[in-house]
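I have placed the structure first, in the form of structure tokens, so that the comments after it can refer back to it.
Residue numbers run from 1 in the order of the sequence given. Treat the numbers as computed from the prediction; the structure is a model and nothing was measured.
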Amino acid sequence: MEKISVTIITLNEEDNIRDCLESVRWADEILVSDSGSTDRTTEICREFGARVFSDAWLGFGKQKNLVAGRARNAWVLNIDADERVTPALGDELKAAAGSGAADGYYIARKNYFGNRWIRHCGWYPDYNLRLYRKDRGAFSERSVHEAVAVKGKKAHLKNHLVHHTYRDVADYLDRMQRYSALAAGEMFDSGRRAGITDILLRPPFTFFRMFVIKGGFLDGAAGAILSYLYAAYTLSKYAKLWEMQNNTGKTP
């Protein structure tokens, strides 16, 4: 049977990392790239026998490729500290790696907002390619919204990865500041510019797409709140891009 290396990037994930690591105890090796945690993250990782590296922050895509490059095995499973591999998914991952049927596998995620699984809003099934042959795949080296590109055959697994996406509204708003700045910077560097139509139309369309088109209304108040939060993220992203282009390209 082919062995699997699990890769995780961390920064102050003390509240999440233990359950994450517990869910992948079956892995042949666990590699962690930590970028300056000041809590017990690295200590907990070492308790589980993980190989822990202290690395300067390079951006999400580059960081994940850096740690994957250290893997001893042919297969890499990348997960985040707030994700959990169910026992059924673990068995399926091991079988998939040993089958030779594909070079990369998409996994559906059950995304939670607080303690609620969000079934609509475009949040499910939310397939992400996470298991891949190291010599056939790598993450796009983007600052945010990175994804694995695989040269070869790809397939979908049946079981779910559990993702505790946001603890609460405050957690969303806190991360929104960082992610919207990264996304705006990436757009600015690619030559994208924000106009009045981006500011006026994109946020309400984001809400409409999630709440109406993607069926967020079926998730009740949670769907409405999440749709509004994503609209706020869209406004923040384009407002920050507008600031950059009107501030001689300097990050606000």
Side-chain angles (χ1 to χ4, degrees), residues 1-10 16-17 19-33 48 50-51 59-113 117-165 209-210 213-215 218:
M1 182 177 291
E2 293 275 5
K3 294 179 179 179
I4 298 174
S5 297
V6 172
T7 60
I8 310 169
I9 62 172
T10 58
N16 280 316
I17 196 64
D19 289 342
C20 174
L21 294 169
E22 188 68 48
S23 77
V24 291
R25 273 190 179 274
W26 49 263
D28 180 65
E29 69 169 351
I30 302 172
L31 303 99
V32 175
S33 174
F48 279 81
R51 296 167 58 199
F60 286 100
K62 289 183 179 180
Q63 204 78 14
K64 291 180 179 181
N65 286 335
L66 174 67
V67 66
R70 296 163 174 157
R72 299 184 181 122
N73 300 311
W75 285 90
V76 171
L77 171 67
N78 175 260
I79 60 173
D80 292 331
D82 57 4
E83 294 175 335
R84 315 285 180 256
V85 176
T86 64
L89 177 58
D91 291 341
E92 190 177 13
L93 289 165
K94 288 179 278 188
S99 71
D103 300 295
Y105 290 90
Y106 288 95
I107 305 171
R109 293 196 299 179
K110 293 177 71 171
N111 294 306
Y112 283 77
F113 182 47
W117 171 29
I118 302 298
R119 292 172 170 82
H120 306 94
C121 290
W123 264 32
Y124 182 79
D126 188 30
Y127 278 103
N128 283 256
L129 200 154
R130 294 297 192 84
L131 178 69
Y132 61 97
R133 290 189 61 90
K134 189 173 70 171
D135 61 346
R136 303 292 289 170
F139 277 90
S140 57
E141 297 197 340
R142 298 181 58 183
S143 298
V144 67
H145 303 312
E146 71 290 349
V148 176
V150 166
K151 295 179 181 178
K153 186 177 180 180
K154 297 175 280 292
H156 290 70
L157 299 181
K158 295 179 180 179
N159 289 287
H160 300 89
L161 185 67
V162 174
H163 183 205
H164 295 283
T165 317
R209 178 174 56 82
M210 290 185 66
I213 298 175
K214 297 293 184 179
L218 296 171

Audit row: N128, E83, side-chain contact (heavy atoms from CB on, under 4.5 Å) steps and yes/no: CA-CA 12 Å; N128 283 256; E83 294 175 335; over 6 Å; no
Audit row: K110, L161, side-chain contact (heavy atoms from CB on, under 4.5 Å) steps and yes/no: CA-CA 6 Å; K110 293 177 71 171; L161 185 67; over 6 Å; no
Trace of the side-chain contact (heavy atoms from CB on, under 4.5 Å) decision for D19 with R84: CA-CA 7 Å; D19 289 342; R84 315 285 180 256; 3.2 Å; yes
Worked check of side-chain contact (heavy atoms from CB on, under 4.5 Å) between D28 and I4: CA-CA 6 Å; D28 180 65; I4 298 174; 5.9 Å; no
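Closest non-hydrogen pair, K214 versus H120, comes out as O-CB, 3.5 Å. The shortest heavy-atom contact between K134 and A68 is CD-O, 3.2 Å. In terms of heavy atoms, G152 sits closest to D103 at CA-OD2, 3.3 Å. Closest approach of V85 and W26 over heavy atoms only: CG1-CZ2, 4.1 Å. Here the closest heavy-atom approach between residue H160 and residue T86 is recorded as O-OG1, 3.6 Å. In this structure, C20 and A81 approach most closely via the heavy-atom pair CB-O, 3.4 Å.
E92 contributes a side-chain N or O that, together with a main-chain N or O of N159, makes up a donor-acceptor pair within less than 3.5 Å. No donor-acceptor pair under 3.5 Å is formed between the side chain of W123 and the backbone N or O of I118. Looking at E29, its side chain never comes within 3.5 Å of a backbone N or O of V6 through a donor-acceptor pair. Judged by distance alone, with hydrogens and angles left aside, the side-chain atoms of D126 form no donor-acceptor pair with the main-chain N or O of R109 at under 3.5 Å.
Looking at heavy atoms from C-beta onward, I9 lies in side-chain contact with F60 at the 4.5 angstrom threshold. No side-chain heavy atom of K3 sits under 4.5 Å from any side-chain heavy atom of W75. In this structure, the side chains of Y105 and L129 stay at 4.5 Å or more apart for every pair of heavy atoms. Proximity of L157 to L93: side-chain heavy atoms (C-beta onward) are separated by under 4.5 Å at one or more points. Counting only heavy atoms from C-beta outward, the side chains of F48 and E22 approach each other to under 4.5 Å. Within the 4.5 Å cutoff, side-chain heavy atoms of I30 are placed close to those of L21.
Within the model, atoms CZ of R209 and SG of C121 stand 10.0 Å from one another, a figure rounded to the nearest 0.5 Å. Rounding to the nearest 0.5 angstrom, the gap separating the CG atom in N73 from the CZ atom in R133 is 11.0 Å. Separating the CZ atom in R119 from the CG atom in N111 is a distance of 12.5 Å, to the nearest 0.5 Å. Taken to the nearest 0.5 Å, the OH atom of Y132 stands 5.0 Å off from the CZ atom of F139.
With L131 as reference, L77 is the one residue of I79, L77, V76 to meet the side chain to side chain contact (heavy atoms under 4.5 Å, CB included) rule.
Each salt bridge (Lys or Arg N to Asp or Glu O under 4.0 Å) pair with one or both residues in residues 145-163, not counting sequence neighbours, appears once here: K64-E146.
For the residue pair N16 and D82, no side-chain donor N or O sits within less than 3.5 Å of a side-chain acceptor on the partner.
In summary, the aromatic rings of H156 and Y127 are positioned with their centroids under 6.0 Å apart. If you look at H163 and Y124, their ring centroids are not closer than 6.0 Å.
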